[in-house]
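Note sheet for the following structure.
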Amino acid sequence: MQSYRAAKDVLRKYDQEHVLAFFEELSSQDQNTLLEQISQIDFEQLDRVIRSQVFSTQGFALPANLQPAAMLPAQPKDEETLRLYQQAKAKGQELIAQGKVAAMVVAGGDGTRLGFAGPKGCLPVTPLKRKPLFAVFAEQVLAASARYGASVPWYVMTSPTNDAATREYFAQKKFFGLEERDVFFFVQGQAPTLSREGKMLLADKNMIATNPDGHGGSLTALRRSGALEDMARRGCEIISYFQVDNPLVHCLDPLFIGLHALKGAEMSAKALPKREPMEKLGNFCLVEGKVHVIEYSDLPEEMARATRPDGKLLFSAGSIAIHTFSRSFVERLTEGGACKLPFHRAIKKVAHVGPTGAKVQPDQPNALKFEMFVFDALPLANNVVILETQRSEEFSPVKNATGDDSIATCLHDQIRRAARWLSSAKVNVPRDADGRPAAAIEISPLYALDEEQLAQKLPKDFAIKAGQEVFLG
Ligand code: UTP
C-alpha cells in the first residue's frame, strides 16, 4: 500500500490534496482504506480527462465527411448473400461446437431509471414464469451448449456495488443449471467523480466518490480480471457481447458470429433500422473508412432527417449494443492495462462531503461522471461487420419502470415474438381485434432457441385457445 507521504505527493502534483482534508480524524483502518483507494487511481489518465473534458470548453466535434455505414440485411435479398449467410451460419455453429465462442454480459450499470432494488439481472422478466433476466441468458447458454455439444463459458461483468449480490444470486439459483466453473464474474472499473471544477469529490471522509466507468470499461476489466487469460486457456477466440436489460437478445447467434469470422472482423455490431429520424439510438457512421457510432444527441437534425432517393433514412442504422469481439482485438486494445477508449462526461447530482466535513445534498447537478462506451472501440477495429436485425426479434430493453422500454412493453414484446415464432410454425395463434396475441405465451430457450428449432420441436397437433397461458419449456 502507498504511504501517506507518497499519496500526498501524487495528490499535490495533480492538485487534488483536498481529499486528505479529514485524514487526521480517521481511524487507522479508514486511513488505510483511503490510501489504498488513492493508490488505485490512474492520475495521469485523470489529468488527461480533466484537461480535455473539464477545462476545455470544446464540446463534441462532428467529424467532417460523415457517411452512413453499410449494414448487411437481416434477410438475404439475393443469391450471393443467401450463400454467404448459409456459409456464415455453418461457420458460427462450427465455432461454437469447437468451444471457440464465449458469451459475455455487461451487468455493472446502476439501473437508476428502473429503480429496481438489487442487480438488474435479478429482475423477473418473463411473462408467465417470471424468470429473471439472468435466467433467460443462462438458459440460452445452456441450450446452445447442449445443441452444439460444447461448453460455452459465460463472462458476467458486475460492479463493486452489485458484485456480491450477483454472485449470491447465482449461487442461490444453482447457477441456473450451468456449471459453476463455466461462469466467470468480473468487476468493472470505477472512475473518480469530480466537481464541476475538476476536483475529486469525497463520498465520505475516508472515501473518494467514484462511479462505474461505463460499459466501455468492460474491455479493460476483462484484461485486469484475468478473464482474457481464462478465455485463452479455454481456446475461446470470439466474445459474444450483450447487455443485461434485453431478454430478446440472441446471446449466441451463429449467423452473426460466422459473419464476423468469415469477414475477418475484429469487432462487429448488430443494428436496427431506426423507427423515426430522431429515435434515441446511436448512429452507425463512416469516417475516413472507419465505423463510428455517433450519439443521437450529436447528429445534427438535418442529417438525422436526410433521406436517400428511395425515401429511406440516410442514417438509418441504429446501435443496440449487441457485439462480437475477437479476443485478440480486446488483447490489443488493453495491452499494458491502459485503456484506449475516450471518456464521455455526464453532469449528475451527487451527494458528497463538503469542505467543512458536512454532507452536501445538492438540488442541482453538481458533479461530473466519466464513462467509456463500448462502441468507441469500433473505429479502432480493423474490420467491422454491421448486421441488421429485426426489432421484434431481438430488441426490447427494460430501462424504465413505466412507459417506453419498461417491463410492460418488454412483456408484450416477448409474447409477440413467441406468437410470431408459433405462427411461422403454422400454429393458429388467437389474436384480438388489433392483431395482438390473445394468449399469454412463454417459450423457454431450453425448448427452442429460435423459430426454426421451435418448428422442428412442436408436436403436430399443437393448438392454442384464446385466453390460455402457454408455457413451452
Ligand atoms: P445503461 O446505459 O442503460 O445504464 O446500461 P444503466 O446503468 O443500466 O441504467 P441507468 O442509465 O442508470 O438507468 C446499458 C448496459 O450497460 C451496462 C448496464 O448494466 C446495461 O447492461 N453498464 C452500464 C455496465 O455494465 N457498466 C456501466 O458502467 C454502465
Side-chain angles (χ1 to χ4, degrees), residues 60 62-92 95 238-242 249-250 253-326 329 333 341 373-395:
F60 171 80
L62 192 72
N65 293 327
L66 207 63
Q67 302 292 324
M71 56 179 167
L72 290 168
Q75 300 296 336
K77 295 198 175 75
D78 54 53
E79 275 303 310
E80 197 187 332
T81 318
L82 179 67
R83 268 197 306 280
L84 170 68
Y85 281 23
Q86 284 165 346
Q87 244 185 12
K89 199 167 166 187
K91 178 74 183 168
L95 288 165
I238 292 182
I239 306 167
S240 185
Y241 169 107
F242 51 93
V249 67
H250 289 275
D253 176 358
L255 172 65
F256 185 41
I257 292 165
L259 284 169
H260 174 93
L262 287 184
K263 297 266 182 191
E266 288 195 309
M267 178 172 174
S268 296
K270 281 198 182 171
L272 283 185
K274 286 194 296 180
R275 243 189 312 226
E276 45 100 14
M278 305 309 289
E279 185 175 0
K280 292 180 174 179
L281 292 179
N283 296 276
F284 286 108
C285 300
L286 267 190
V287 181
E288 291 169 11
K290 292 286 183 190
V291 174
H292 288 244
V293 169
I294 305 289
E295 288 188 79
Y296 63 88
S297 48
D298 289 331
L299 191 70
E301 187 164 343
E302 70 274 14
M303 290 179 89
R305 293 191 182 281
T307 51
R308 302 165 202 249
D310 65 3
K312 291 195 178 137
L313 285 180
L314 186 60
F315 292 93
S316 78
S319 170
I320 49 171
I322 303 175
H323 298 290
T324 46
F325 290 92
S326 294
F329 174 55
L333 275 191
L341 302 188
F373 297 156
V374 79
F375 54 69
D376 280 330
L378 284 164
L380 307 172
N382 277 330
N383 257 329
V384 170
V385 168
I386 303 175
L387 175 63
E388 179 184 334
T389 185
Q390 283 162 354
R391 194 181 296 263
S392 57
E393 180 63 25
E394 225 182 336
F395 189 59

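By convention here, the first residue in the shown sequence is residue 1.
- Counting heavy atoms of neighbouring residues, nucleotides and ligands inside a 6.0 Å radius, atom NZ of Lys290 exceeds 12 of them.
- Taking CG from Leu84 and CD from Glu79, the interatomic distance works out to 12.5 Å, rounded to the nearest 0.5 Å.
- Looking at every heavy atom in both residues, Ala261 comes nearest to Ile238 through CB-CD1, 4.2 Å.
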Show your reasoning for whether side-chain contact (heavy atoms from CB on, under 4.5 Å) applies to Arg308 and Ser316.
CA-CA 10 Å; Arg308 302 165 202 249; Ser316 78; 4.1 Å; yes
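- The OG1 atom of Thr324 sits 9.0 Å away from the NZ atom of Lys270 when rounded to the nearest 0.5 Å.
- Met267 and Ala377 get closest at one heavy-atom pair: SD-CB, 3.6 Å.
- Of all heavy-atom pairs between His260 and Ser268, the closest is ND1-OG, 2.8 Å.
- Considering every non-hydrogen atom in both Ala271 and Ala317, the closest pair reads CB-CB, 4.1 Å.
- In this structure, the side chain of Lys274 does not engage the main chain of Gly282 through any donor-acceptor pair within 3.5 Å.
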Could you walk me through whether Asp253 and Thr389 pass side-chain contact (heavy atoms from CB on, under 4.5 Å), step by step?
CA-CA 11 Å; Asp253 176 358; Thr389 185; over 6 Å; no
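- In this structure a side-chain-to-backbone donor-acceptor pair under 3.5 Å is missing from Ser319 to Leu281.
- Rounding to the nearest 0.5 angstrom, the gap separating the CG atom in Leu313 from the CZ atom in Arg305 is 9.0 Å.
- In this structure, Asp376 and Val293 have side chains that are not in contact, with every pair of non-hydrogen atoms separated by 4.5 Å or more.
- Between Glu279 and Arg391, at least one side-chain N (NZ, or NE/NH1/NH2) sits under 4.0 Å from a carboxylate O, which counts as a salt bridge.
- The minimum heavy-atom distance between Gly311 and Thr307, with the atom names listed, is O-CG2, 3.4 Å.
- Closest non-hydrogen pair, Tyr85 versus Pro76, comes out as CD2-CD, 3.6 Å.
- Asn283 places no side-chain N or O within donor-acceptor distance of the main-chain N or O of Cys285, the cut-off being under 3.5 Å.
- Summarising the local packing, CG of Asn65 is surrounded by 12 or fewer heavy atoms from other residues, nucleotides or ligands at distances under 6.0 Å.
- Separation of atoms CZ (Phe315) and CD1 (Ile294) is listed at 8.5 Å; rounding is to 0.5 Å.
- No donor-acceptor pair closer than 3.5 Å links the side chain of His292 to the backbone N or O of Leu286.
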Working note: Phe284 + Val291, criterion side-chain contact (heavy atoms from CB on, under 4.5 Å); need CA distance, chi angles, decisive distance, verdict.
CA-CA 7 Å; Phe284 286 108; Val291 174; 4.0 Å; yes
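- Ile386 contributes atom CD1, which lies 7.0 Å from atom CG of Leu378 (distance to the nearest 0.5 angstrom).
- A perpendicular orientation is assigned to the rings of Tyr241 and Phe325, their planes being inclined by more than 60° (bins at 30° and 60°).
- Under the side chain to side chain contact (heavy atoms under 4.5 Å, CB included) test applied with Pro73, the options Met71, Gln75, Lys77 reduce to a single match, Lys77.
- A donor-acceptor contact closer than 3.5 angstrom is absent between the side chains of Ser240 and His250.
- Of the inter-residue distances, the one linking Ile257 atom CD1 with Leu387 atom CG reads 11.5 Å to the nearest 0.5 angstrom.
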Give the intermediate values and the outcome of side-chain contact (heavy atoms from CB on, under 4.5 Å) for residues Asn382 and Phe329.
CA-CA 9 Å; Asn382 277 330; Phe329 174 55; over 6 Å; no
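- Shown here is Glu276, whose CD atom has more than 12 heavy atoms of other residues, nucleotides or ligands within 6.0 Å.
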